[in-house]
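Heads up, the thing below is written out as structure tokens.
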Amino acid sequence: KVRITIDGIPAEVPANYTVLQAAKYAKIEIPTLCYLEEINEIGACRLCVVEIKGVRNLQASCVYPVSDGMEIYTNTPRVREARRSNLELILSAHDRSCLTCVRSGNCELQDLSRKSGIDEIRFMGENIKYQKDESSPSIVRDPNKCVLCRRCVATCNNVQNVFAIGMVNRGFKTIVAPSFGRGLNESPCISCGQCIEACPVGAIYEKDHTKIVYDALLDEKKYVVVQTAPAVRVALGEEFGMPYGSIVTGKMVSALKRLGFDKVFDTDFAADLTIIEEGNELLKRLNEGGKLPMITSCSPGWINYCERYYPEFIDNLSTCKSPHMMMGAIIKSYFAEKEGIDPKDIFVVSIMPCTAKKYEIDRPQMIVDGMKDVDAVLTTRELARMIKQSGIDFVNLPDSEYDNPLGESSGAGVIFGATGGVMEAALRTVADIVEGKDIENFEYEEVRGLEGIKEAKIDIGGKEIKIAVANGTGNAKKLLDKIKNGEAEYHFIEVMGCPGGCIMGGGQPIHNPNEKDLVRKSRLKAIYEADKDLPIRKSHKNPMITKLYEEFLISPLGEKSHHLLHTTYSK
Ligand code: HC1
């Protein structure tokens with residue numbers, strides 16, 4: 001520990017702290033823009049400058065280490081003037097069309113300007129007009145709004161290990177972009193959208209699907225069905241000022257009904273269906289000698305990563321489509337048949353915490369009988385926008401129930417939304433099948449929590465099953481490298497493309513990075529609470545799933561399942 005004073009307040013802090021960390025410890029707020037803890041600590045924006053006694057120049061507190069006896073001043077006229085000038089310089093080159101910006105009202109730059117009392121911009125920047133990059137099916141890049149903080153670049157490279165974007169050109173011409181002037185569609189981008197979550201402004205955002213959804217809702221010939229992902233229910237409320245991790249399932253269903261959807265179904269039902277197919281696939285591979293370890297396939301960001309960076313593991317991927325795609329296929333077959341609707345008239349919308357799902361619906365391997373399983377994907381943020389645009393008082397809405405036959409789910413379906421959830425849901429079912437009984441101890445603590453990689457050995461029917469769970473493609477890389485190098489061996493692996501799993505997906509509400517840990521923990525807690533609240537906690541106990549097999553699919557991994565619910569990958 002070292003002793004310092006900060007704005008006259010004495011404090012004792014760990015010797016490896018930066019000045020910024022020390023200030024936080026002393027409850028003093030220093031503004032930051034480019035800083036992302038442990039991800040982007042580069043002192044580039046210089047908004048966090050402070051004065052240090054005996055040091056001539058102002059120093060960027062996010063990278064300056066504390067030392068014993070240091071006297072730090074965070075709020076002198078010199079500091080205030082420097083921060084203000086630095087901010088004005090950033091603003092001078094920024095496209096300030098705030099009124100029409102997707103991040104208006106939730107923009108760190110707007111917030112910093114307000115807090116600094118900026119009432120004019122004294123400098124005229126070199127305002128080069130760039131074309132937006134709309135080439136990706138999931139993500140739009142607008143270099144005119146970019147403040148060059150590099151948070152997206154660091155997240156893409158250091159967290160996700162994707163390297164789709166970087167700093168291009170020099171001086172005033174510097175922009176964040178894929179290399180060689182390419183569009184995102186030609187880069188290794190996996191569409192995870194973690195860059196969007198990292199961006200402090202409106203320089204990266206999701207491809208809009210609200211317009212096509214509004215059009216479908218207005219089209220009298222269309223039967224518009226919506227489904228909601230597990231992780232949306234624990235985050236949507238945040239867009240309406242509700243506490244992090246509020247469970248708003250009933251209000252969300254009410255809002256969707258008021259928006260005019262003909263049926264509101266639950267993707268959690270399809271998560272249960274996935275478990276039946278995937279659980280049986282695992283047992284088949286274990287008993288009949290298929291490719292192991294089997295790796296889960298529900299996260300399209302992860303699938304993209306595997307196809308691009310680890311094609312040697314493609315045969316390890318489960319052939320199961322992701323739950324929302326299974327749901328789309330079931331809606332356009334089983335449900336259409338039951339209701340006597342021509343599947344070509346059905347328009348399926350998925351509400352997802354994910355941007356990669358926008359890409360996933362267009363994968364050619366997902367086309368069944370000439371039709372797309374899902375026609376549009378709205379992120380949690382886009383749904384919130386539609387609710388606001390429609391004048392719905394979300395917070396005071398009464399609860400409604402999902403429609404049936406595809407609206408009932410088990411707790412196992414809900415926990416898909418958090419890292420480790422798919423694994424736990426599969427274990428709950430596989431253990432029951434193998435042991436031939438209803439096992440009471442079905443909460444697998446070993447795979448819960450936010451650690452990047454979790455490993456365990458589970459006894460199922462006297463056989464030891466080695467499992468691992470990775471969240472974030474950077475962690476998936478570490479795990480796959482271990483397997484490749486012969487350092488580890490598993491039977492079954494869950495990978496989710498986003499760190500934390502879907503609760504922290506690239507389509508979820510965006511908050512100040514200082515809040516990230518609290519947000520993550522609150523949503524995670526909510527997911528397991530939602531699981532506990534349900535009367536059925538195992539996928540194979542869901543009576544609607546049993547009915548679906550009896551009336552339509554006949555058996556897991558059967559002919560219909562293969563046609564509708566399984567897929568292939570490209571090498
Ligand atoms: Fe997910 Fe999934 S859990 S991938 O994280 O398997 O997006 O929530 O919908 O499809 O069920 C996302 C969440 C989601 C699918 C399911």
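Atoms considered below: every heavy atom in the structure, side chains included; atoms not considered: hydrogens, waters and symmetry mates. We count ligands from 1, going down the list as the structure has it; atoms in each ligand are counted the same way. These numbers were taken from a predicted model, which means no experiment stands behind them. Along the sequence shown, residues carry numbers from 1.
- There is no side-chain donor-acceptor pair under 3.5 Å between Gln365 and Thr567.
- Residue pairs meeting the ring pair (Phe, Tyr, Trp, His ring centres under 6.0 Å) criterion with at least one member in residues 502-546, sequence neighbours excluded, are Tyr244-His511.
- For the pair Lys388 and Phe394, the cation-pi criterion (under 6.0 Å, within 45° of the ring axis) is not fulfilled.
- Shown in contact with Ala271 at under 4.0 Å from a heavy atom are these atoms of ligand 1, numbered in order with element: 11 (O).
- Protein N/O/S atoms found under 2.8 Å from atom 1 (Fe) of ligand 1: Cys502 SG.
- With rounding to the nearest 0.5 angstrom, the OG1 atom of Thr379 is 13.5 Å from the NZ atom of Lys357.
- With no hydrogens or angles considered, a side-chain donor-acceptor pair links Gln227 and Thr267 at under 3.5 Å.
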If you apply the rule side chain to side chain donor-acceptor pair (under 3.5 Å), what do you find for Ser138 with Thr355, and how did you get there?
CA-CA 6 Å; Ser138 309; Thr355 44; 5.5 Å; no
